[in-house]
Student: 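Handing you a structure now.
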Amino acid sequence: WQAFLEMPIGDLIEGMGEERATRVVEEMAADEAADLLSELEEEKAETILDGMEAERSEEVRELLAHEEDTAGALMTTDFIALKTGYSVDQTIAVLRQEAREAENIYYLYVLDDLGHLVGVVTLRSLIVSSPERRLADLMNTRVISVTTGEDKSAAAELFAKYRFRALPVVDDSGVMKGIITIDDVLADVAPELNR
């Protein structure tokens with residue numbers, strides 16, 4: 001029984017039937033699913049991806065496309081995106097609906113209509129603000145981020161320097177693609193801490 005508990009999840013997934021493996025992977029966070037699928041035989045991974053719900057499969061495929069040691073490979077796409085015109089009340093309503101799916105909601109990312117990252121609002125500042133205030137008035141526009149192609153060590157350095165809980169990841173045009181959480185960095189940099 002102990003050997004079963006210590007077995008890597010990739011080995012467990014390899015041994016499962018396709019339908020069951022697909023259901024298990026589909027329930028994982030997108031970044032964790034991508035990490036797992038990258039360890040599987042290509043044919044098994046592709047079968048699982050093909051069996052997944054289309055939107056979720058596309059999310060995981062996008063993460064798999066990033067080179068291994070980049071910020072894009074470390075990020076998750078499970079974040080909450082908000083618009084500058086949202087009021088505090090509207091934002092709280094969105095959080096109530098979407099917070100269960102998000103990896104981290106301490107920071108709220110504000111995007112323009114084209115998906116460019118234009119600001120960040122902390123959960124604390126949202127809670128202490130009046131209900132009618134707009135995010136455009138609350139957000140900090142000096143956002144520190146990394147690009148998908150940057151080396152993951154750049155992200156680790158930003159976490160160490162600024163003590164972030166999460167860091168936004170953008171493409172070369174400034175369009176937000178995901179976030180890296182402190183847990184992701186710790187799991188990558190010091191995997192023995194996770195045991």
Side-chain angles (χ1 to χ4, degrees), residues 28-35 38 59-60 62-88 90-92 94-96 98-130 133-195:
M28 299 172 80
D31 59 328
E32 293 169 359
D35 289 345
S38 70
E59 249 181 291
V60 174
E62 184 178 324
L63 291 172
L64 285 167
H66 296 285
E67 289 187 36
E68 187 177 335
D69 290 330
T70 63
L74 198 55
M75 74 180 181
T76 181
T77 54
D78 297 327
F79 66 94
I80 297 175
L82 303 163
K83 301 289 183 185
T84 56
Y86 283 12
S87 68
V88 167
Q90 287 173 307
T91 301
I92 290 172
V94 169
L95 290 177
R96 284 189 180 121
E98 298 183 23
R100 287 184 186 92
E101 303 297 321
E103 180 92 11
N104 178 299
I105 61 164
Y106 183 76
Y107 304 116
L108 308 173
Y109 301 100
V110 185
L111 311 181
D112 67 14
D113 291 337
L114 299 174
H116 296 98
L117 178 61
V118 294
V120 64
V121 176
T122 64
L123 191 54
R124 182 185 187 289
S125 66
L126 183 75
I127 291 169
V128 299
S129 296
S130 60
R133 244 176 123 200
R134 300 277 171 213
L135 292 184
D137 300 327
L138 293 176
M139 70 183 188
N140 181 347
T141 57
R142 292 182 2 184
V143 183
I144 296 169
S145 62
V146 291
T147 60
T148 54
E150 275 186 85
D151 192 275
K152 63 185 177 184
S153 63
E157 288 174 20
L158 290 172
F159 274 98
K161 182 176 181 178
Y162 294 104
R163 308 267 187 231
F164 289 137
R165 292 188 175 123
L167 181 67
V169 182
V170 298
D171 66 13
D172 291 334
S173 303
V175 173
M176 188 156 175
K177 295 298 186 178
I179 63 170
I180 298 172
T181 66
I182 187 64
D183 296 342
D184 296 331
V185 170
L186 288 175
D188 185 72
V189 173
E192 64 277 2
L193 294 176
N194 270 351
R195 292 186 183 164

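Reckoned from all heavy atoms, side chains included, excluding hydrogens, waters and symmetry mates.
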Student: Any side-chain to backbone donor/acceptor pair from Ser129 onto Ser125? Under 3.5 Å, distance only.
Tutor: yes
Student: Nearest 0.5 angstrom please: Leu111 CG to Leu82 CG, how far?
Tutor: 7.5 Å
Student: Checking side-chain polar atoms at under 3.5 Å, does Thr181 have a donor or acceptor matched by the opposite partner on Asp184?
Tutor: yes
Student: Taking only residues two or more places apart in sequence, or in another chain, which ones meet Glu62 in a salt bridge (Lys or Arg N to Asp or Glu O under 4.0 Å)?
Tutor: none
Student: Hey, does the side chain of Thr76 reach the backbone of Asp78 with a donor-acceptor pair shorter than 3.5 angstrom?
Tutor: yes
Student: Which residues pass the ring-ring contact (aromatic ring centres under 6.0 Å, His included) test with Phe164, not counting sequence neighbours?
Tutor: Tyr162
Student: List for me each residue that meets side-chain contact (heavy atoms from CB on, under 4.5 Å) alongside Val143, sequence neighbours excluded, and say none if there are none.
Tutor: Leu117, Val120, Pro168
Student: How long is the span from the OG1 atom in Thr122 to the CG atom in Asn140, to the nearest 0.5 Å?
Tutor: 9.5 Å
Student: Give me the atom names and distance for the closest heavy-atom approach of Ala34 to Leu63.
Tutor: CB-CB, 3.8 Å
Student: Got a sec, which pairs hit salt bridge (Lys or Arg N to Asp or Glu O under 4.0 Å) with one end in residues 159-169, sequence neighbours left out?
Tutor: none
Student: For residues 134-146, which residue pairs pass the salt bridge (Lys or Arg N to Asp or Glu O under 4.0 Å) check, not counting sequence neighbours?
Tutor: none
Student: Do the side chains of Phe159 and Ile180 get nearer than 4.5 Å, heavy atoms only?
Tutor: yes
Student: Which heavy atom of Ala30 sits nearest to which heavy atom of Val60, and what is that distance?
Tutor: O-CG2, 4.1 Å
Student: Check whether any side-chain heavy atom of Leu114 sits under 4.5 Å from a side-chain heavy atom of Val175, and report yes or no.
Tutor: no
Student: First locate atom CD of Glu150, then atom CD of Glu157, and finally report the distance between them rounded to the nearest 0.5 Å.
Tutor: 10.0 Å
Student: Using side-chain heavy atoms (C-beta onward) and a distance below 4.5 Å, is Ser38 in contact with Leu64?
Tutor: yes
Student: Locate the shortest heavy-atom distance separating Ala166 from Tyr109; write the atom from each residue and the value.
Tutor: CB-OH, 3.6 Å
Student: Roughly how far apart are Leu135 CG and Arg133 CZ, rounded to 0.5 Å?
Tutor: 10.0 Å
Student: Is there a side-chain contact (heavy atoms from CB on, under 4.5 Å) between Thr70 and Thr148 once you walk through the steps?
Tutor: CA-CA 7 Å; Thr70 63; Thr148 54; over 6 Å; no
Student: Verify, without hydrogens or angle tests, whether Lys83 (side chain) and Asp112 (backbone) share a donor-acceptor contact under 3.5 angstrom.
Tutor: yes
Student: Leu126 versus Val88: any side-chain heavy-atom pair under 4.5 Å?
Tutor: yes
Student: Just to verify, what does Asp151 make a salt bridge (Lys or Arg N to Asp or Glu O under 4.0 Å) with, not counting sequence neighbours?
Tutor: none
Student: Tell me, do Leu108 and Leu95 make a side-chain contact under 4.5 Å, heavy atoms counted?
Tutor: yes
Student: So, for Val169 and Thr147, which heavy atoms are closest and what is the spacing to 0.1 Å?
Tutor: CG1-C, 4.0 Å
Student: Can you tell me how far OG of Ser87 sits from CG of Leu138, rounded to the nearest 0.5 angstrom?
Tutor: 10.0 Å
